[in-house]
Amino acid sequence: MARSDEAEAFFTAVYRAVQEIPEGKVTSYGHIAKLVGTPQRPRQVGLCLKHLPSDPTSRFNHDNVPWQRVINAKGIISPRSQPSGSLNQAAALEEEGVTVTTGALGELMVDFAEFGWFPRVLPSEAEGGVSDGDDDEEVSEGDSEDGQQ
DNA sequence: TTCCTGACTCTAT
DNA sequence: AATAGAGCCAGGA
């Protein structure tokens with residue numbers, strides 16, 4: 001059952017990456033996927049959070065993993081999490097100082113340019129990516145996988 | 001066991 | 001610029 005072991009490692013990597021997100025900041029599934037070394041599998045990242053145990057005795061749980069700080073690349077809180085209680089998620093983000101804008105359709109949009117958190121300042125961003133009004137959440141392929149400690 | 005869906009993203013049209 | 005389609009892999013029925 002090596003496959004389950006790999007899946008567990010993936011889950012753990014995702015949870016750790018999410019834990020690294022500072023309060024008042026948000027990131028995207030795709031970015032987390034890159035951190036864990038699987039930039040091609042952002043959906044799996046979402047599954048990890050969905051399977052995130054609520055059991056406090058578990059190594060990772062909703063109390064230790066700020067899953068609510070993880071949103072999609074469009075800067076919008078995943079509408080599929082609504083049945084789970086996206087309003088609670090949005091409210092929690094605002095509590096942390098994140099401005100959540102509600103769209104006409106009810107989509108919860110977060111200003112990624114300001115609240116988007118990245119583990120490392122990628123060269124493209126460092127040379128002057130985000131600065132004034134024009135936002136550009138595009139992240140260049142930084143590569144250089146930093147091993148999970 | 002197989003098939004489908006899914007907390008997404010990227011690329012092409 | 002906007003829309004549509006493909007890709008990825010795991011969990012649930």
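Numbers restart at 1 for each chain; the letters A, B, ... are given by sequence-line order, proteins then strands.
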- Note on the structure: When rounded to whole Å, the CD1 to P distance for the pair A/Ile76 and B/dT9 reads 10 Å
- In whole Å, what is the span from the NE2 atom of A/His51 to the P atom of B/dG6? 13 Å
- Query: Rounded to whole angstroms, how far apart are OH on A/Tyr29 and C1' on B/dG6?
  - Reply: 12 Å
- Query: Atom NE2 of A/His62 to atom P of B/dA7: distance rounded to whole Å?
  - Reply: 13 Å
- Message: Could you check whether any side-chain heavy atom of A/Ile76 comes within less than 4.5 Å of a side-chain heavy atom of A/Val110, counting everything from C-beta outward?
- Response: no
- How does the hydrophobic cluster around A/Leu47 look, that is, which other residues are in it when side-chain heavy atoms under 4.5 Å mark a link? none
- Query: Relative to each other, are the rings of A/Trp67 and A/His62 parallel, tilted or perpendicular (30° and 60° limits)?
  - Reply: perpendicular
- Task: Report the distance from atom CZ of A/Phe60 to atom C1' of B/dA7, rounded to the nearest whole Å.
- Result: 18 Å
- Item | Atom pair distance, as rounded to whole Å: CG in A/Leu47 and C1' in B/dT9 | 14 Å
- Gap in Å between the two P atoms, one belonging to B/dT5 and one to C/dG5, rounded: 16 Å
- For the pair made of NZ in A/Lys74 and C1' in C/dA2, what is the distance, rounded to whole Å? 13 Å
- Query: So which of A/Ile32, A/Leu35, A/Asn64 actually passes side chain to side chain contact (heavy atoms under 4.5 Å, CB included) with A/Val18?
  - Reply: A/Ile32
Detail all sub-3.5 Å separations between protein N/O atoms and N/O atoms belonging to nucleotides 5-8 of chain C.
{"from": "C/dG7", "atom 1": "O6", "to": "A/Arg43", "atom 2": "NH1", "distance (Å)": "3.0"}
{"from": "C/dC8", "atom 1": "O3'", "to": "A/Arg41", "atom 2": "NH1", "distance (Å)": "2.4"}

- Task: Please list, chain by chain and in numerical order, all residues satisfying salt bridge (Lys or Arg N to Asp or Glu O under 4.0 Å) with A/Glu96, sequence neighbours excluded.
- Result: A/Arg69
- Please give, in whole Å, the distance from C/dG11 C1' to A/Glu8 CD? 16 Å
- Message: Can you check the distance between B/dA7 and C/dA4, where both ends of the measurement are the C1' atom (answer in whole Å)?
- Response: 22 Å
- Message: For A/Glu95, I'd like to know if atom CD has over 12 heavy atoms of other residues, nucleotides or ligands within 6.0 Å.
- Response: no
